[in-house]
Asks: 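Once you've had a glance at the structure underneath, I'll fire off some questions.
Since the structure is predicted, the reported quantities are computational estimates derived from the model, not experimental observations. Order of the sequence lines fixes the chain letters, A, B, ..., with proteins taken first and strands second; residue numbering starts at 1 for each chain.
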Amino acid sequence: MDHFPTNWGNPRSEDVDSYNTYPVASNSGTVPHSVREIAGFGHAGGHPTSHTQQPVVTGTSVLGIKYKGGVMMAADNLASYGSLARFRDVERLHQVADFTVLGASGDMSDYQYVKHLLDSQMIKEYNADDGHTLATPNIYEYLWRVMYNRRSKMNPLWNTFVLGGVHKGEGFLGAIDLKGTPYQSPSIATGFGSHLAQPILRKEIENRGGEENITEEDATQILKKCMKVLFYRDARSMNKFQLATISAEGVKISEPMSVETEWAFAEKIRGYGA
Amino acid sequence: MFSTYPGQVVVDHPVKVPIEHRFDPYVDNGGTLLSIAGEDFCVVAADTRLSEGYSINSRYVPKSVKLSDKTVISMGGCYADCLTLTKKIQQSMEWYHHAHGKTMSTAAVAQMLSIMLYQKRFFPFYSWCILGGLDEEGKGAVYTYDPVGSYERESCRCAGSASSLIQPFLDNQIGFKNQASQKKTLSLDQVLRITKDSFTSATERDIYTGDYLELFVITSKGVEVQKMDLKKD
């Protein structure tokens, strides 16, 4: 709608079709209008189809650390819509097979699609009925190829996934980002976590002389400390999170929990309380 | 005041122009690699740091892969592309083995890699490849590539983020350039010392190089792997 009265009364311009009412001769040829993507901003006719995306509903950091006997991961329960804390009970840690947990940061709709893909793979494996189930490294490779192929089509799944598990008695912890870059490390942190939490995780591992010297209780304390720092400093985080533990016994995803935080000191600071 | 070209419109107010945000499929994960060909051996060395911007994603992500008892490939640049390319090579080598009943020679892999890279000429693998191994005569061979497949056999080459720091050093120490002393063949021991010194020096000045050094030594006996610490800062 044209809001400027000075423009009213003039004949409508034929060059501009603001509401895509008819297909316009373009280099995309005979692609039907219904197939064209309107991603983020629509295109008035004649533009090539573009897949450029921006994430809409997003999750923040996912943390992971290897310890003696397994892997522990943490992620809060928030899915933000930009600066709005929109969905406050989202489970961003998801059990896949018997010994694997997928943690997702980034676009939540793409995460739901990936959960669907993994479900399909699990069903295929079940149908094969050959005594094998998907192990963590298998799921990791599968996810890597999916992410890489989507980025190669210039239509990425806008996520950074963390995959933790136990395979052949050893812990497995890796990450894959939206460009299809896979990497494994004794500690992983995505998003803001890579700046705020990763230094804490690496220091703790170094102080104890390696992941073999970290007990399950140690890992819990370390991750809670990181989640506290993230709640203080990441503006898109929430003080309600879950911990996932994967060991030889299997997967345990905890109920949502919180950490104690101190805000009372602000009362004494001029501009905040005083 | 300003000269105009036909069709150009000069206005005296700001104009609205659409800004295009495009997804960039490439990322530089950093890292340095080098390979030196000896008389009857070949050394392929690479650091193991995986970076993204100013962050270190992982301190141990191997950049070199043993393809056969005679050939080792090392790649730097966009790690996702490098890993995909490595998989393609390994799969093609397996097919070749089934079809021909023998392992692909280093020279054959070298040519195949060039073709594979050029096949993605219009959406390249962002990877700086160095192929090291023994040729059919048992002599050390090093093949260098650019991201779209141009390749050449050389006696020594360094690629990756610290290549401009190390290559001149190699030209002097391995190629005996700019010095009066006679060219002589270097022993494996001397080459390994030069390689380790190259990496410790590069680690000092290049932020993307460090953590660990993995050395692959290819001789007629096979492939031996050594791992060495580098500074982690």
Asks: Checking B:Leu50 against chain A: side chain, backbone, both or neither under 4.5 Å from a heavy atom?
Replies: side chain
Asks: So with a 6.0 Å cut-off around NZ of A:Lys203, is the heavy-atom count from everything else above 12?
Replies: no
Asks: Mark yes when over 12 heavy atoms from residues, nucleotides or ligands other than B:Gln226 sit less than 6.0 Å from its CD; otherwise mark no.
Replies: yes
Asks: Side chains of B:Asn57 and A:Ser185, heavy atoms from C-beta outward: is any pair under 4.5 Å?
Replies: no
Asks: Would you say the side-chain atoms of A:Lys179 pair up with the backbone N or O of B:Asp24, donor to acceptor, closer than 3.5 Å?
Replies: yes
Asks: Is it the case that over 12 heavy atoms from other parts of the model lie below 6.0 angstrom from the NZ atom of B:Lys66?
Replies: yes
Asks: Start with the C-alpha gap between B:Phe23 and A:Met154, add the side-chain angles, then the distance that decides, and say whether side-chain contact (heavy atoms from CB on, under 4.5 Å) holds.
Replies: CA-CA 7 Å; B:Phe23 166 67; A:Met154 297 295 283; 4.3 Å; yes
Asks: Under 4.5 Å from any heavy atom of chain B, what part of A:Ile188 do you find: side chain, backbone, both or neither?
Replies: neither
Asks: If we ignore hydrogens and angles and just use 3.5 Å, is the side chain of A:Thr181 paired with the main-chain N or O of B:Ala80 as donor and acceptor?
Replies: no
Asks: Against chain A, label B:Tyr26 side chain, backbone, both or neither, depending on which of its atoms sit under 4.5 Å from a heavy atom there.
Replies: both
Asks: Less than 4.5 Å to any heavy atom of chain A: does that hold for the side chain of B:Tyr79, its backbone, both, or neither?
Replies: side chain
Asks: For the pair B:Ile56 and A:Tyr183, evaluate side-chain contact (heavy atoms from CB on, under 4.5 Å) and give the outcome as yes or no after the intermediate values.
Replies: CA-CA 11 Å; B:Ile56 297 173; A:Tyr183 54 92; over 6 Å; no
Asks: Under 4.5 Å heavy-atom distance to chain B, tell me which part of A:Glu141 shows up: side chain, backbone, both or neither.
Replies: side chain
Asks: For B:Tyr118, does the OH atom sit with more than 12 other heavy atoms under 6.0 Å from it, leaving out its own atoms?
Replies: no
Asks: More than 12 foreign heavy atoms under 6.0 Å from CD of B:Gln111: is that the case here?
Replies: no
Asks: Testing the 3.5 Å rule here: is there a donor-acceptor pair between the side chains of A:Tyr148 and B:Asp81?
Replies: yes
Asks: Is there a side-chain contact (heavy atoms from CB on, under 4.5 Å) between A:Gln184 and B:Ser58 once you walk through the steps?
Replies: CA-CA 7 Å; A:Gln184 293 176 48; B:Ser58 176; 5.8 Å; no
Asks: Please determine whether the number of non-hydrogen atoms from other residues, nucleotides or ligands lying under 6.0 Å from atom OH of A:Tyr142 exceeds 12.
Replies: yes
Asks: Show the nearest heavy-atom pair for residues B:Thr84 and A:Arg145, with the distance to one decimal.
Replies: OG1-NH1, 3.0 Å
Asks: If you draw a 6.0 Å radius around NZ in B:Lys120, do more than 12 non-hydrogen atoms from other residues or ligands fall strictly inside?
Replies: yes
Asks: Please say whether more than 12 non-hydrogen atoms of neighbouring residues, nucleotides or ligands are located less than 6.0 Å from OH in B:Tyr151.
Replies: yes
Asks: Can B:Phe123 and A:Ser152 be said to form a side-chain contact (heavy atoms from CB on, under 4.5 Å), step by step?
Replies: CA-CA 9 Å; B:Phe123 183 11; A:Ser152 299; 4.2 Å; yes
